[in-house]
Amino acid sequence: MIDQRDGTASQPAIEVGNCSKRFVRGAAAYGSLRDTLSRLVRRERAAGEPIQALDDVSLVVEPGEIVGVIGDNGAGKSTLLKVVARITPPDTGRVTVRGRLSSLIEIGAGFHPELTGRESVLLHGSILGLRRRDVRGGMGAIAAFAGLEGAMDTPVKFFSTGMYARLGFAVAVHADPRVLLVDEVLSVGDLAFREACYERIRQLQALGTAILFVSHDLPAIEGLCDRALLLASGRVTDEGPPNAVVAAYRAATAARMAKSR
Amino acid sequence: MSASAAGYRASPDSASGYVVEGGRRDAHRLRALWRHRGLLWSFTLRELQVRYRQAALGFAWALLQPAALTLVTTLVFHTFLRIDVGGFAYPVFVFTGLVAWTFFHTAVSGAVPTLVNNAGLVRKIWFPREALPLATVLAVGLDLAAALLLWVVLLAVFGVGLTPALLWTLPLLLILVAFTAACALLGAAINVRFRDVKHALPLVLQVFFFATPIVYPLALVPAGWRRVAALNPLTGVVAGLRDAALHARAPDVERTLISAAVALLLLVLGYIVFTRADRRFADIV
């Protein structure tokens with residue numbers, strides 16, 4: 001597909017090649033110097049069972065494609081998004097992202113509760129790599145999308161959870177992303193806002209944005225995605241048309257519940 | 001609806017994408033930081049906005065701290081202990097050192113917890129994380145500028161002439177900023193891994209305060225110890241500032257070069273340590 005914005009030729013927007021990642025759960029993540037020293041003295045390894053969060057995962061998302069990712073809690077969906085967003089690197093494998101990436105994630109009051117709505121938007125835009133003057137130019141559109149035109153000069157500590165989330169999403173979808181990650185967050189907005197987000201996601205898709213969509217909302221996966229991916233214990237166990245993959249996921253869950261009964 | 005109707009067109013230089021490979025360091029870190037220089041500015045602005053929105057005395061705090069320390073140290077070291085500082089008025093003598101010290105102390109103690117304090121951002125969104133501690137150093141730079149103005153006023157008030165030698169202040173400040181940034185990067189990175197840093201930092205800073213010739217002149221340090229003291233870049237900065245402002249002469253070349261070399265070396269080391277540790281920040285912060 002040709003990008004509608006600048007006509008760049010079609011190369012995959014996201015390529016995940018044979019990515020694996022392990023986490024060590026437990027006390028070893030961070031700790032006091034004393035723990036580490038005593039481990040060194042006793043020649044022990046870090047405690048805790050390693051968890052294979054991603055196990056040889058490969059994935060290609062073309063521009064203008066929406067790919068849904070489903071699976072149980074702990075199947076590796078969020079880790080996959082974090083690896084694609086380069087928040088955390090894979091242990092092995094390679095991730096290529098072409099074009100600006102933006103995430104619909106809930107940042108909460110992550111910027112600072114004392115900042116106003118406007119200041120938070122400027123900071124969020126800077127983190128996404130946008131110029132402040134570009135963000136200032138889009139401020140009106142962002143406030144309108146979030147439905148917060150009257151609240152942009154209010155410190156965000158007075159915002160409700162929904163208001164804050166709407167503001168964050170508005171910045172993310174207005175950043176002209178070529179790659180958009182959506183992680184199970186639209187549930188915090190009300191129905192009208194969720195519909196507006198879906199509408200905007202479809203617009204971005206039409207412009208050639210590649211979208212990776214993680215959700216437990218299976219009807220949304222079926223309705224929105226071109227393709228779906230089923231993750232279990234860090235592995236891709238199924239991939240194909242959303243209806244088929246969702247059906248496989250439902251069947252696998254039903255079978256497991258029947259067994260445990 | 002076109003992209004521009006939806007909001008704004010993004011500048012092309014931030015939109016090129018990236019490659020992440022398992023087990024390999026990002027080779028383009030400095031370029032990423034340069035591309036995100038707007039972010040460095042945004043974080044700096046945030047610090048200033050938040051700081052002065054909450055504090056009733058606002059900007060005055062930047063000057064109150066060195067001013068109060070000047071009063072206390074003058075009382076203790078001049079009035080009580082009658083320390084010999086080579087004939088200069090003690091308040092001017094000590095303030096010259098406190099200008100540099102206050103910057104270092106405030107910036108490092110502010111920068112070290114930045115990654116942990118911003119864990120919500122670090123875990124959820126990518127950005128060059130060195131922007132967080134470096135923004136603190138920049139924000140405290142505004143305090144330094146104010147303190148420097150007060151310093152020049154004090155020099156004039158106490159009858160110390162303002163000579164061209166005062167221009168040596170500029171390279172000395174570069175050494176100060178480099179050393180401060182190095183400690184900020186190192187401290188912030190280590191603090192993610194070992195939360196002990198929070199407890200150790202005030203102690204380490206206190207040792208540094210007395211190890212640096214701030215309340216006493218370098219001349220009082222025995223010759224053997226002076227070699228050790230020279231390895232602390234703050235020694236070169238403070239003694240150099242006194243050479244330039246009080247003695248109206250160029251700072252001692254050897255001492256200043258050692259300070260510059262140590263500061264630069266630590267800055268490179270701090271940056272390498274920070275960017276290596278950076279790979280695990282989101283997993284453990």
Side-chain angles (χ1 to χ4, degrees), chain A residues 4-5 19-21 23 29-34 36 82-83 85-101 103 105-112 114-115 119 122-123 125-132 134-135 137-138 141-142 145 173-176 178-179 200 203 207, chain B residues 1-26 32 35-43 45-47 49-51 53-54 118-127 131 192-197 199-200 279-285:
Chain A
Q4 298 301 306
R5 288 160 290 202
C19 278
S20 295
K21 186 170 180 75
F23 284 112
Y30 75 82
S32 69
L33 196 56
R34 198 180 57 181
T36 303
K82 280 187 175 181
V83 164
R86 68 172 152 173
I87 293 167
T88 184
D91 295 337
T92 58
R94 184 186 169 100
V95 173
T96 306
V97 168
R98 296 193 175 85
R100 188 203 320 285
L101 176 138
S103 298
I105 39 156
E106 219 233 306
I107 294 183
F111 297 119
H112 201 287
E114 294 289 335
L115 295 184
E119 288 160 356
L122 280 167
L123 189 55
S126 298
I127 288 179
L128 292 174
L130 302 166
R131 289 185 191 160
R132 293 177 67 90
D134 292 333
V135 181
I142 290 170
F145 187 84
V173 295
H174 283 78
D176 191 22
R178 301 302 160 102
V179 175
R200 180 73 185 137
Q203 282 167 3
L207 289 167
Chain B
M1 190 161 81
S2 76
S4 49
Y8 42 81
R9 278 216 159 263
S11 45
D13 66 355
S14 62
S16 58
Y18 51 85
V19 177
V20 183
E21 265 179 280
R24 286 182 60 169
R25 281 181 59 211
D26 184 357
R35 275 197 197 136
H36 276 73
R37 59 194 180 278
L39 176 63
L40 197 57
W41 172 239
S42 289
F43 277 138
L45 212 57
R46 172 180 76 162
E47 290 234 7
Q49 283 162 342
V50 168
R51 174 144 46 117
R53 203 158 291 166
Q54 286 171 324
N118 289 280
L121 285 186
V122 170
R123 270 198 299 259
K124 287 184 170 175
I125 194 162
W126 180 88
F127 58 92
V192 175
R193 181 70 181 79
F194 300 110
R195 302 297 155 91
D196 300 62
V197 173
H199 306 292
R279 293 178 69 82
R280 292 194 63 210
F281 284 163
D283 297 341
I284 64 177
V285 73

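Just so it is clear, the structure is predicted and the values come from calculations on it, not from any experiment. Each chain gets a letter, A, B and so on, in the order the sequences are listed, and its residues count up from 1.
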In Å, rounded to the nearest 0.5 Å, how long is the span from CG of A/L128 to CZ of B/F127? 11.5 Å
If you round to the nearest 0.5 Å, how far is CG of A/L122 from CH2 of B/W41? 12.0 Å
Heavy-atom donor-acceptor pair, B/R46 side chain to A/F111 backbone, under 3.5 Å: yes
Residues passing the ring-ring contact (aromatic ring centres under 6.0 Å, His included) test with A/F145, sequence neighbours excluded, are A/H174, A/F193
I'd like to know which of A/V83, A/V97, A/T88, A/T96 tops the heavy-atom pair count under 4.5 Å against chain B. A/V97
For B/S42, what residues pass the side chain to side chain donor-acceptor pair (under 3.5 Å) criterion, not counting sequence neighbours? A/S126, A/R132
Would you mind telling me which of A/D91, A/T92, A/V179 has the largest number of heavy-atom pairs within less than 4.5 Å of chain B? A/D91
Nearest 0.5 Å please: distance from the NE2 atom of A/H112 over to the CD atom of B/E47. 8.5 Å
Against chain B, label A/L101 side chain, backbone, both or neither, depending on which of its atoms sit under 4.5 Å from a heavy atom there. side chain
So which heavy atom on A/I87 is nearest to which on B/I125, and how close? CD1-N, 3.5 Å
Okay, B/F281 and chain A: the region with an atom under 4.5 Å from a heavy atom over there is neither
Relative to chain B, which segment of A/S103 carries a heavy atom at a distance below 4.5 Å: side chain, backbone, both, or neither? neither
Once rounded to the nearest 0.5 Å, what's the spacing between atom CZ of B/R37 and atom CZ of A/R131? 7.5 Å
